[in-house]
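Down below is the structure, laid out as structure tokens.
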Amino acid sequence: QVQLVESGGGLVQTGGSLRLSCAASGGTFSDHAIGWFRQAPGKEREFVAQITWSGGNQFYTDSVKGRFTIFRDDAKNIVYLQMNNLRPGDTAVYYCARQIGGVENPYEYDSWGQGTQVTVSS
């Protein structure tokens, strides 16, 4: 079964940028939509962004619209999350997963990666 591995997290100041990568191993995810979620300490995992299998449509939670961009390179088996104008409220562990059901419900995704920490300092 395909496994997903996130990378690209780090520590940035408010207003900075990071690009997260979600790489597939043990298979391909070119025929699946992929989502990014995040989880801050003491909070539930929340939907951030999703891209359809064709890459033709993207969906974002309201708080990241205009700042984050999700895109995919199926030739490389990588989905990216470009994050600009980062805020302290974006601090969380970011996860990618393969969609098997609805868009925003984390229980309708599988093949979760281990996550990558994003910390935004004020």
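Atoms considered below: every heavy atom in the structure, side chains included; atoms not considered: hydrogens, waters and symmetry mates.
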Compare all side-chain heavy atoms of Phe47 with those of Pro106 and state whether any distance is below 4.5 angstrom.
->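 When only atoms from C-beta onward are counted, Pro106 and Phe47 do not touch, as no gap falls below 4.5 Å.
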
Please report the interatomic distance [atom1]([X]) to [atom2]([Y]), rounded to the nearest 0.5 Å.
X: Gln58; Y: Ile51; atom1: CD; atom2: CD1; answer: 4.5 Å
X: Gln13; Y: Ser121; atom1: CD; atom2: OG; answer: 5.0 Å
X: Met83; Y: Leu18; atom1: CE; atom2: CG; answer: 4.5 Å
X: Thr14; Y: Asn85; atom1: OG1; atom2: CG; answer: 9.0 Å

Within the 6.0 Å centroid threshold, strictly below: Phe37 and Trp112 = yes

Centroid-centroid distance, Tyr95 to Tyr109, less than 6.0 Å =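 No.
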
Keeping the roles fixed (side chain from [X], backbone from [Y]), state whether a donor-acceptor pair exists under 3.5 Å.
X: Gln99; Y: Ala33; result: no
X: Arg98; Y: Ile34; result: no
X: Gln50; Y: Gly35; result: no
X: Ser111; Y: Leu4; result: no
X: Asp74; Y: Asn77; result: no
X: Thr116; Y: Gly9; result: yes
X: Asp90; Y: Arg87; result: yes

With Gln3, which residues qualify under side-chain hydrogen bond (donor to acceptor under 3.5 Å, both in side chains), at least two apart?
->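 Residues passing side-chain hydrogen bond (donor to acceptor under 3.5 Å, both in side chains) with Gln3: none at all.
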
Residues which pass side-chain hydrogen bond (donor to acceptor under 3.5 Å, both in side chains) with Tyr94, listed by chain and number, not counting sequence neighbours = Arg38

Is Phe71 reachable from Phe59 through a run of hydrophobic residues whose side-chain heavy atoms are each under 4.5 Å from the next?
->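 The answer is no; the residues belong to distinct hydrophobic clusters.
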
Should the pair Arg19 and Tyr80 be classed as cation-pi, given the thresholds of under 6.0 Å to the six-membered ring centre and 45° from the axis?
->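 Arg19 over Tyr80 ring: yes.
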
Gln39 versus Glu46, side-chain donor and acceptor atoms under 3.5 Å = no

